[in-house]
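Computed from a predicted structure; not experimentally measured. Letters go in sequence order (proteins before strands), and every chain restarts at 1.
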Amino acid sequence: MLDVKLLRQQPDIFAQCLKVKNYVLDVNEFLFLEAERKAAQTETERLQRERNARSKRIGAAKARGEDIAPLVAEVGDLGARLDAAKERLGQVQARLHDFLQQIPNLPDASVPEGRDEADNVEIRAWGRIPKFNFEPLDHVDLGVAGALDFAAAAKVSGARFVVMKGAVARLHRALTQFMLDIHVAEHGYTEVYAPYLVNSASLYGTGQLPKFAEDHFTVEGGELHLIPTGEVPVTNLYRDVILGAETLPIRHVCHTPCFRSEAGSYGKDTRGMIRQHQFEKVELVQVVAPDASWEGLEELTAHAEAILRRLELPYRAVVLCGGDLGFAAAKTIDLEVWLPGQGRYREISSCSNFLDFQARRMMARFRDPDRGAIDYVHTLNGSGLAIGRTLVAVLENFQDGAGRIHVPDALRPYMGGVATLDLSAGLGLSPPAS
RNA sequence: GGAGGGGUGGCUGAGCGGUCGAAAGCACUGGUCUUGAAAACCAGCGAAGCUGUCAAAGCUUCCCAGGGUUCGAAUCCCUGCCCCUCCGCCA
């Protein structure tokens with residue numbers, strides 16, 4: 001949600017900024033609704049004031065033991081007029097609210113112009129892209145002996161699901177634990193366990209509603225929704241909260257499954273586990289004072305990058321262009337990992353600064369001791385990292401051409417010391433030491 | 001699933017249908033006192049929005065949410081949500 005007061009003052013400047021996000025702000029519609037709102041609100045408040053004054057006089061007269069009948073008669077149709085005014089105000093406010101809810105966040109001035117992901121700008125790259133003396137397989141082929149079983153998942157559930165078995169299932173678990181441990185022990189995040197089903201208010205708070213209702217799953221007959229990302233339950237912890245300044249910055253790490261309907265992505269990434277209805281993610285969330293959010297974005301991005309570096313996975317960081325930027329974000333840095341099976345970089349983390357956009361929607365505030373005032377916090381989040389895609393990256397980058405996967409050093413303690421996974425043996429389970 | 005109790009300001013907690021946005025205490029902020037601190041005492045202290053160029057000032061709304069009764073609702077009625085206690089079931 002944007003600052004309405006600022007929007008009123010300079011709607012044209014807002015419209016100009018939103019063009020970078022390919023959003024057309026209907027300034028005339030806004031000005032019309034604002035004029036309506038103002039008229040309706042002043043009229044309603046005027047009638048309320050009159051009613052209050054009259055009621056107060058009746059109360060006073062009654063207290064003095066006087067006959068209140070004439071005073072009551074005098075009220076006349078005030079109630080009816082007030083009801084009508086309230087009705088009108090309610091309607092225009094609802095329209096205005098809807099209008100404002102649909103407007104995306106303003107992109108930061110540093111966000112490059114552009115239409116789609118082809119226009120994103122690389123800001124750094126790390127690691128060496130592996131050279132193989134064989135044709136690298138993608139994860140689907142690497143797991144074909146049974147460790148990654150897409151057919152079984154299709155039978156049990158449908159398309160866009162996976163069943164992992166044996167060593168790969170363990171690798172998946174190991175990655176999760178590894179990431180959580182690093183973020184907690186070394187990056188100063190507090191671990192959080194949160195619900196996977198949330199109410200609509202939470203989805204409004206972080207901006208998944210009202211515009212993107214088709215992107216997530218809603219439980220039939222209920223008002224609960226499967227979370228599309230851990231961002232939703234974790235950021236909403238601070239909905240309707242006024243924080244003490246001393247509690248900032250807040251850093252949370254949370255491992256959750258994520259559920260996405262992937263409506264509108266038919267035919268896209270249908271092979272393998274790049275785009276699934278269900279995947280796991282370790283999410284980083286920060287709640288900070290307004291003057292600390294840009295620093296926070298750099299920091300949070302570096303925390304996500306640290307995981308890739310320790311896993312020795314080559315990646316690059318790109319700044320999303322206006323056209324590719326999400327609804328609520330002012331700026332987003334994507335981390336893209338190299339996938340030999342596809343011969344290209346793929347998104348594995350998305351780190352965003354939302355400024356006060358989410359905070360405004362969810363009334364997440366803090367008490368600023370310097371000014372003695374209450375102000376909105378700034379919120380940030382990023383994947384640290386998406387587990388499924390990290391698994392794919394490990395399998396594809398560390399294959400040896402003979403169906404074996406080299407386990408990166410950092411992960412071995414989480415794999416019971418195992419250095420190599422043999423996927424050719426079916427489930428990739430090492431034969432028992434006999 | 002059954003029975004009962006309850007949702008009031010940062011917290012605890014009063015509240016009669018009519019100067020109640022709401023007693024009191026705690027916490028917090030400022031002051032007096034003190035070498036300093038504590039204690040004591042004095043004062044202040046909820047949020048959102050609107051009108052106003054700014055400011056001064058004024059107004060409206062908010063006592064879980066949504067309806068209703070009434071000239072007037074924190075207070076009465078209905079519905080929903082949430083919490084607590086006991087019983088049952090249960091990972």
Side-chain angles (χ1 to χ4, degrees), chain A residues 1-11 13 30-31 33-101 193-205 218-219 221-225 233 236-248 250 287 356 358-377:
Chain A
M1 183 96 85
L2 297 172
D3 185 342
V4 199
K5 285 178 190 166
L6 288 178
L7 184 57
R8 274 178 210 144
Q9 284 166 19
Q10 35 195 278
I13 292 176
F30 174 69
L31 293 176
L33 288 171
E34 253 302 291
E36 281 288 297
R37 188 228 95 224
K38 186 167 173 173
Q41 184 166 349
T42 43
E43 173 65 4
T44 304
E45 291 186 359
R46 190 185 65 75
L47 290 169
Q48 282 172 325
R49 192 176 67 205
E50 191 177 332
R51 179 205 58 193
N52 291 345
R54 287 180 183 277
S55 294
K56 205 163 255 185
R57 258 178 266 146
I58 293 173
K62 202 174 174 189
R64 287 191 303 267
E66 298 170 6
D67 178 21
I68 61 169
L71 285 172
V72 172
E74 218 177 84
V75 172
D77 65 343
L78 185 59
R81 279 189 292 148
L82 181 56
D83 283 345
K86 273 187 186 167
E87 172 73 20
R88 181 183 164 211
L89 178 61
Q91 278 172 8
V92 68
Q93 275 180 335
R95 282 179 66 190
L96 194 55
H97 182 75
D98 286 349
F99 181 86
L100 294 170
Q101 286 273 336
Y193 173 87
Y196 305 153
L197 288 163
V198 296
N199 54 33
S200 300
S202 292
L203 287 169
Y204 271 97
T218 297
V219 176
E223 100 112 7
L224 289 173
H225 313 268
N236 273 282
L237 292 175
Y238 300 98
R239 173 150 54 84
D240 296 322
V241 166
I242 300 176
L243 291 156
E246 74 284 354
T247 62
L248 303 178
I250 290 166
V287 177
D356 62 0
Q358 291 182 327
R360 218 174 262 288
R361 293 182 149 233
M362 66 174 96
M363 294 296 272
R365 295 168 294 169
F366 80 112
R367 219 172 276 277
D368 184 346
D370 298 333
R371 294 181 299 142
I374 289 170
D375 199 3
Y376 295 103
V377 295

Name the pairing partner of B:A39, where a pair is Watson-Crick or G-U wobble with both distances under 3.5 Å, or state none.
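Partner of B:A39: none.
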Requested in this report: Go ahead and name the base partner of B:C62; Watson-Crick or wobble counts if both distances stay under 3.5 Å, otherwise write none.
Outcome: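 With both distances under 3.5 Å, B:C62 matches B:G46.
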Which nucleotide in [options] has an atom nearest any side-chain atom of [X]:
X        : options             : answer
A:Met363 : B:C71, B:U51, B:A48 : B:A48
A:Arg8   : B:C50, B:A47, B:G52 : B:C50
A:Lys5   : B:A47, B:C71, B:C50 : B:C50

Distance check, [atom1] atoms only: [N] and [M], in whole angstrom units.
N     : M     : atom1 : result
B:G9  : B:G4  : P     : 27 Å
B:G13 : B:G6  : P     : 14 Å
B:U60 : B:U70 : P     : 23 Å
B:G72 : B:C54 : C1'   : 37 Å
B:U8  : B:A74 : C1'   : 7 Å
B:U69 : B:C87 : P     : 43 Å
B:G25 : B:A14 : C1'   : 11 Å

Can you check the [X] [atom1] to [N] [atom2] distance for me, whole Å?
X        : N     : atom1 : atom2 : answer
A:Arg49  : B:U51 : CZ    : P     : 14 Å
A:Asn52  : B:C62 : CG    : C1'   : 13 Å
A:Ile242 : B:C28 : CD1   : C1'   : 14 Å

- prompt: With distance as the sole criterion, is a donor-acceptor pair present between the side chains of A:Ser202 and A:Asn199 under 3.5 Å?
  reply: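 Yes, a side-chain donor-acceptor pair sits under 3.5 Å.
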Both A:Tyr376 and A:Val72 contact RNA chain B. Which one's nearest nucleotide lies toward the 5' end?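 Closer to the 5' end of RNA chain B: A:Tyr376.
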Test side-chain contact (heavy atoms from CB on, under 4.5 Å) applied to A:Glu34 - qualifying residues, sequence neighbours left out:
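Residues passing side-chain contact (heavy atoms from CB on, under 4.5 Å) with A:Glu34: A:Arg8, A:Phe30, A:Arg37, A:Leu96.
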Query raised in the report: Can you find a donor-acceptor N/O pair under 3.5 angstrom joining the side chain of A:Lys62 to the base of B:G18?
Result: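 Yes, the side chain and the base share a sub-3.5 Å donor-acceptor pair.
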Next item on the list: Quick one: list whatever passes side-chain hydrogen bond (donor to acceptor under 3.5 Å, both in side chains) with A:Arg54, sequence neighbours left out.
Entry: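 Only A:Glu50, A:Glu74 meet the side-chain hydrogen bond (donor to acceptor under 3.5 Å, both in side chains) criterion with A:Arg54.
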Please tabulate, one pair per line, each protein N/O and nucleotide N/O from nucleotides 73-80 of chain B that are separated by under 3.5 Å, including the distance.
none

